[in-house]
J.: 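First the structure, which I've put down as structure tokens, then a few questions once you've had a look.
A note on names: the letters A, B, ... follow the listed sequences, proteins ahead of strands, and every chain is numbered from 1.
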There are 2 protein chains.
Amino acid sequence: MRYYRFLSESGAKKPPQTITSAQIAAALDIDPTQVRKDFSAIGLLGIGRVGFEVCEVCRAIRVALGFDQRHEAVLIGTGHLGAALLAYSGFARYGLHIVAAFDMDQRLVGSKVAGCTVKSMRSLKPFIRKHGIRLALLTTPVEASQKLADRLVSVGVKAIWNFTPTRITVPPEVLVRDEHISLGLSVIAYHLTHEVDSPSS
Amino acid sequence: MRYYRFLSESGAKKPPQTITSAQIAAALDIDPTQVRKDFSAIGLLGIGRVGFEVCEVCRAIRVALGFDQRHEAVLIGTGHLGAALLAYSGFARYGLHIVAAFDMDQRLVGSKVAGCTVKSMRSLKPFIRKHGIRLALLTTPVEASQKLADRLVSVGVKAIWNFTPTRITVPPEVLVRDEHISLGLSVIAYHLTHEVDSPSS
DNA sequence: GATCAAACGTGAAAAAAATCTCATTAGGGG
DNA sequence: CCCCTAATGAGATTTTTTTCACGTTTGATC
């Protein structure tokens, strides 16, 4: 994951197209052995003295993580955050395509948000069924998230990307990925409060 | 961090105000011992047979993580994501207050985004100096992020919350918290591609 | 072509994290 | 008032992760 980001960024500009585990390790601030271990875990073998072929590695990671497959998703809640996600063009790199956006607010239905027409919640279930959608992005207000999650699961959604600051409960076979920012906030708050101490000591 | 979220959610509605490590562990799906270990690490001692006092724990976590202190921040880049962050009211719970928003686009300067007047980039440095800002939220396009980070560091910003999909490099004493969604995306893509196997096996 | 150095793969060792066990303490019931 | 259960705290144990060390492979150099 971190490898993929780093390699697809750096690999584009460099012609040699090979990289050593040591270089990767230095850039990502980890142990070279770790890199080799991880790579061999997904069936990647480097060659002595040369290292790894960047394109090869990227492809293997794409396959291992499923970025090579097309994943269609719906987005629910076209507020600020929903709009930001719709406008983000980087998802395609990972095989993710947001094919429809929905919102509770009937006044928004029919309007365009980031080039995507907002659909009514009434058409949510039929749409998911018809297109076999398995992933939903939740960017709704807190109150609605749990009920919505239940509805989504009942029509066959297999994964929910939860951007609301709520814990939602689902059957075990469904994946919920919480994208809370509170964790990052913790790290920052901790640093800011304790940062004064470290330089002086 | 997870504790704080859980306790401040559940604690509000329950009068008893005490909770056992086992209850917390069950809710967060971890080991009860882990909870006790973590709590004792920040100087929290439960009492036999009763458990832990919810308010007490919350307060200790707030202090330990620095949520009890006021952190003022500036936000740079008032696009969709910037607007979403400005509109999010949950930051105050963690002591974070976004006191100003800036944008490159001169046409946006002066307009209101989520109740906050957008300021010109020219006033960024003086503003940070004047108010002693130590944290900046970056929600700009990719191209600008590194140059902006350098500028921020040069005027004394001690932490950068990076919402752009770019790695930025800063002096070691400055904290950069990357809020990339690619990691979450990895988890989801992996689940969606491999999910078919697990139920059948 | 033979040698040398750089980088890999792998198995062992060390470190860290999670888990288990148990003695201790504190409330509740008889 | 004493015992019993429920929950803690801390030490021991196990598991996982990270790191180290060494033998092997491969391209470059003489």
J.: Does Phe91(A), at its CZ atom, have more than 12 non-hydrogen atoms belonging to other residues, nucleotides or ligands within less than 6.0 Å?
T.: yes
J.: Can you check side-chain contact (heavy atoms from CB on, under 4.5 Å) on Leu96(B) and Ile188(A), steps first, answer last?
T.: CA-CA 10 Å; Leu96(B) 177 64; Ile188(A) 290 169; over 6 Å; no
J.: Using the side-chain contact (heavy atoms from CB on, under 4.5 Å) rule, take Leu185(B) and Trp161(A) through it: C-alpha gap first, then chi angles, then the decisive distance, then the call.
T.: CA-CA 9 Å; Leu185(B) 193 38; Trp161(A) 204 354; 3.8 Å; yes
J.: When the axes are fitted on five pairs at both termini, how much does the helix from dG1(C)-dC30(D) to dG30(C)-dC1(D) curve, in 10° steps?
T.: 0°
J.: Round to the nearest Å and state the distance from Glu53(A) atom CD to dT26(D) atom P.
T.: 15 Å
J.: Mind telling me whether Phe67(A) and Tyr4(A) have parallel, tilted or perpendicular rings, with 30° and 60° as the class edges?
T.: tilted
J.: Kindly compute the distance separating OG (Ser8(A)) from CZ (Arg5(A)), expressed to the nearest 0.5 Å.
T.: 8.5 Å
J.: At what distance, to the nearest 0.5 angstrom, does CG of Asn162(B) lie from CZ of Arg167(B)?
T.: 10.0 Å
J.: How would you summarise protein contacts on nucleotides 6-18 of chain C per nucleotide, using B for base, S for sugar-phosphate only and - for none, with heavy-atom distances below 4.0 Å?
T.: BSSBBBB-----S
J.: Donor-acceptor pair, Gln146(B) side chain versus Thr169(B) backbone, under 3.5 Å?
T.: yes
J.: Of the non-hydrogen atoms in Ile133(B) and Ala73(B), which two are nearest, and what is the gap between them?
T.: CG2-CA, 4.1 Å
